[in-house]
Amino acid sequence: MSYFENVRRIVLRIPRGRAATYGEIARAAGYPGTARQVAWALRGASAQHLPWQRVVGQGGRILLPGDAGMNQRLRLEMEGVLFIGNRVDMKACGFKFPPARTDPKSRRRTPK
DNA sequence: GATATGACGTCAT
DNA sequence: CATGACGCCATAT
């Protein structure tokens, strides 16, 4: 299992109309402190069926430079993500990842 | 193994 | 708010 695949899984669970930050994704994927690598993994995301537009920087800031950034904003607005100035309204559209469960009872799918 | 590269994050100016 | 320095770490060369 590669780093890329784990990150990919997390990104895929961001619901439509919501957004998450690189750092949050890194944490949710089990690699805290690897926000940059998340960005790296998203290169070519468009060719990977990944909702790359739902990944933004801390505070909802769009970090993609130039046209790509405009593109991202449009895509987000298209799916209903709200903006406040140049940033995503994380307060309203920030996706909270479910906390990692250690409780065996609630563990589901591929138990082993 | 050594260096270089980033769609990052945080803290200090 | 704008910069800059630094830490971070998977890949690329």
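The chains referred to below are lettered A, B, ... by the order of the sequence lines, with proteins before strands, and numbering in each begins at 1. Note that the coordinates shown come from a computational prediction; the quantities given were computed from them, not determined experimentally.
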**Request:** Quickly work out the A:R36 CZ to B:dC8 P distance and round it to whole Å.
**Result:** 7 Å
**Asked** Separation of A:I14 atom CD1 from B:dA7 atom C1', in whole Å?
**Response** 13 Å
**Request:** Rounded to the nearest angstrom, tell me the gap between atom CG in A:N6 and atom C1' in C:dA10.
**Result:** 13 Å
**Message:** To check you understand the geometry: which heavy-atom pair defines the closest contact between A:L82 and A:A92, and what is its length?
**Reply:** CD1-CB, 4.4 Å
**Prompt:** To the side chain of A:A35, which of B:dA7, C:dC9, B:dG9 is closest?
**Reply:** B:dG9
**Message:** Regarding B:dG9, can its base be found pairing with the side chain of A:R61 as donor and acceptor, where the two atoms are less than 3.5 Å apart?
**Reply:** no
**Item:** Residue pair A:Y3, A:T34: steps toward the side-chain hydrogen bond (donor to acceptor under 3.5 Å, both in side chains) verdict
**Value:** CA-CA 10 Å; A:Y3 175 91; A:T34 65; 2.8 Å; yes
**Item:** Whole-Å gap separating P (B:dT5) and CG (A:L42)
**Value:** 21 Å
**Asked** How many Å lie between CD on A:Q37 and C1' on B:dA7, as a whole number?
**Response** 12 Å
**Message:** Check A:R73 with A:E77, please: is the shortest side-chain N to carboxylate O separation under 4.0 Å?
**Reply:** yes
**Asked** Are A:V56 and A:L63 side-chain neighbours, meaning at least one heavy-atom pair lies under 4.5 Å?
**Response** no
**Side chain of A:L63 - closest among C:dA12, C:dC9, B:dG9** = B:dG9
**Item:** Between C1' of B:dC8 and CD1 of A:I62, the distance in whole Å
**Value:** 15 Å
**Prompt:** Between B:dG6 atom C1' and A:Q58 atom CD, what is the distance in whole Å?
**Reply:** 18 Å
**Fill in**
When A:F4 and A:R87 are each assigned the nearest nucleotide of DNA chain C, the 5'-most assignment goes to A:R87
**Check ion pair A:E79-A:R54 (N to O, under 4.0 angstrom)** = yes
**Asked** Side-chain donor or acceptor of A:Y3 under 3.5 Å from a matching atom on the base of C:dA10?
**Response** no
**Asked** Looking across every strand, which nucleic acid part, if any, lies under 4.0 Å from A:Y31 by heavy atom: base, sugar-phosphate, or nothing?
**Response** nothing
**Prompt:** How long is the line joining CH2 of A:W40 and P of C:dA10, in whole Å?
**Reply:** 11 Å
